[in-house]
2 protein chains.
Amino acid sequence: MDRVRDPHPDETRGPVEFRQLSYFIAVAETGSISAASRRVHVAQPALTRQVRLLEEDLGTRLLERHARGVSLTVAGQALFEEAVQLLDRRTQIRTRLTSLGQGLIGKVSLGVTVTHLWVPEVANLLRRYRDRYPRVAFEVFPLLSGPQLERLREGSLDAGILYLDSADQPGLETRLLQHDHLMLAVPEASPWASAPPNCLSVLKEADFVWGFRSVSPVYYDRVMAHFQRLGFEPRVVQYGADNITILSMVAAGLGIAIVPSASSAHPMPGIRFLHLEELAACDMPLWLAWRSSNDAPALHNLIGLVEEVFG
Amino acid sequence: MDRVRDPHPDETRGPVEFRQLSYFIAVAETGSISAASRRVHVAQPALTRQVRLLEEDLGTRLLERHARGVSLTVAGQALFEEAVQLLDRRTQIRTRLTSLGQGLIGKVSLGVTVTHLWVPEVANLLRRYRDRYPRVAFEVFPLLSGPQLERLREGSLDAGILYLDSADQPGLETRLLQHDHLMLAVPEASPWASAPPNCLSVLKEADFVWGFRSVSPVYYDRVMAHFQRLGFEPRVVQYGADNITILSMVAAGLGIAIVPSASSAHPMPGIRFLHLEELAACDMPLWLAWRSSNDAPALHNLIGLVEEVFG
DNA sequence: CTCTATCCATATCAATCCGGCATGTCAGCA
DNA sequence: TGCTGACATGCCGGATTGATATGGATAGAG
């Protein structure tokens, strides 16, 4: 296998290097090889040679050599304009990629359960990310855990703040954010508000507002498993689509509800959040998750900020 | 004067060479450094190093290295698209400049006196140039000698076929095309047509159609100088703006006219061209002229074709 | 489970490329 | 006619690039 002349007409044959173009621009702008050599801090013979190489590669004279400097031929003028554009383009690409590599530009989408949008740490995270990386297109989607997981897997979501049934998700990386637990939400006007129950069994006959399993299976199953362990079965009188709906029903006095502690992050009119040992014992870990194959620096900056915000 | 680190932030600092981009494209398209090395006919370690250099220059990882090939990071994908465009651009520039250098593309404007558009050699020249260099924007302007000279000097005309009072024009190059002389144009219906005059003195009492000096001083002065030498002064009864107008007046029977021999190149209805020794003795050299500083290959191709057409 | 094939990374050497220095040549100018 | 400024040429040293040899890690086959 000897080294023959490349038989197939590769599109990238022949020099015309950036350096030559840059030199040529200097020559064109100064109108003199010597002056250009001073400008680019390169000896004059080097420029003479590079320009000549350029002329040979293109098969065209680019300069008219006079006793006092040089002038451009028509081909030289054409090349000059093109060369300026080409070099500009290169620096654009360099800065663009450098920024991209540092996560200063790009795109990140983050899913957050509506409930946790109100948690101070999360709100803090969003605000600080926007402040620190203003040029990144940062999209926040209010989504339940299930859809988040789906969209993370299919790649339409870069990261998610959600409940998981396990820290070990194939194809995903996870990081524990905090431990939620459960609380009791009661109407402010109800007897429970003035006389808080101290154990779950007291609530045997209470009217409960409950969620659908299909909406958020991970959360639902976890809660139900806990209740089975406790041997408690709530008497459900009303169902609500999501946590916000459920809470509004509680506020309306339709019943009481079991909700994630995150819900109490901001006060809601007409609702009192009550602490119960048996509910607080239900550990509800909140996770950050992202595709392990996703290496976008903008995403990892977000993850880094999570480290800052959630110690 | 020692070699310190370049203190001023030159815009063309840092590599990112065409070669590296070309290698990177091969890697991206094959999804493997080894496969790419076979495609570009370069050893694998060389590619490994060039890609790494690219990554260092840009400060960004471009590839994810797996046991079986590599995959692009988001930055890598961005660079891939940019690199393809940049390399395409370079080859475009190369072909464009090569073509330009060979005069296969570009722009040429040629002035021709209306009279000489009908001369077979000139028509031939125009046709052959268009045939041989179809991609050149070739513009032919019907202009008298005076305006041609003006526009040649100011640069809005690349070449001209015209009369000159001297072959020696500052800033212009000239080439003799052919020797015109003068002829007599008479109405076909006139007595002169059936009984041609054999000397100028016979025409002493004839009605002449004449041109304005201001329209084409070079031509006019030359003719007048000749007539002064002959001691002949025509009796002018009518003036015409240009040669075509004059000839149409002759055809209409308004008088007879002295015209360049080139006018007889194509027959005109109602006109008879007559040869007279005294008129043929007036040498009217026809020139090709162009700016000596004009190095456009497309122009010199035209000049070369002139050499072919006019021996 | 081990063995092998494949692919990427590293080290070293040789060739080539590029820039610097010294020098030559030519045109314009006093 | 000598002088100056500008481009061209020859030669040398240093840097860059590619080739060869080799190591390490992983996926697939038996």
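So you know, we letter chains A, B, ... as the sequences are listed, proteins then strands, and number each from 1.
Between B:E56 atom CD and D:dT16 atom C1' there is a gap of 14 Å when expressed in whole angstrom units. Rounding to whole angstrom units, CD of residue B:Q50 and C1' of C:dA9 are separated by 15 Å. Atom-to-atom, CG of A:L54 to C1' of C:dC18 comes out at 15 Å; the value is rounded to the nearest Å. Atom-to-atom, CD of B:Q20 to P of D:dT17 comes out at 7 Å; the value is rounded to the nearest Å.
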Check: protein-nucleotides 21-28 of chain D nitrogen or oxygen pairs below 3.5 Å:
none

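The 5' end of DNA chain C is approached more closely, in terms of each residue's nearest nucleotide, by B:R65 than by the other of A:L53 and B:R65.
Residues from residues 24-37 of chain B lying near DNA chain C, meaning a heavy-atom separation below 4.0 Å, are B:S32, B:I33, B:S34 in numerical order.
Remark: A:R222 fails to qualify as a cation-pi partner of A:Y163 under the 6.0 Å distance and 45° angle criteria applied to the six-membered ring.
At a threshold of 4.0 angstrom between heavy atoms, the contacts of B:R49 include nucleobase atoms, whether or not backbone atoms are also involved. Looking at heavy-atom distances under 4.0 Å, A:R19 makes contact with sugar-phosphate atoms alone, never a base.
Aromatic rings of A:F138 and A:Y133 (six-membered ring for Trp) have centroids beyond the 6.0 Å cut-off, not under it.
Looking at B:E55 and B:R65, a side-chain N of the basic residue comes within less than 4.0 Å of a carboxylate O on the acidic one, giving a salt bridge.
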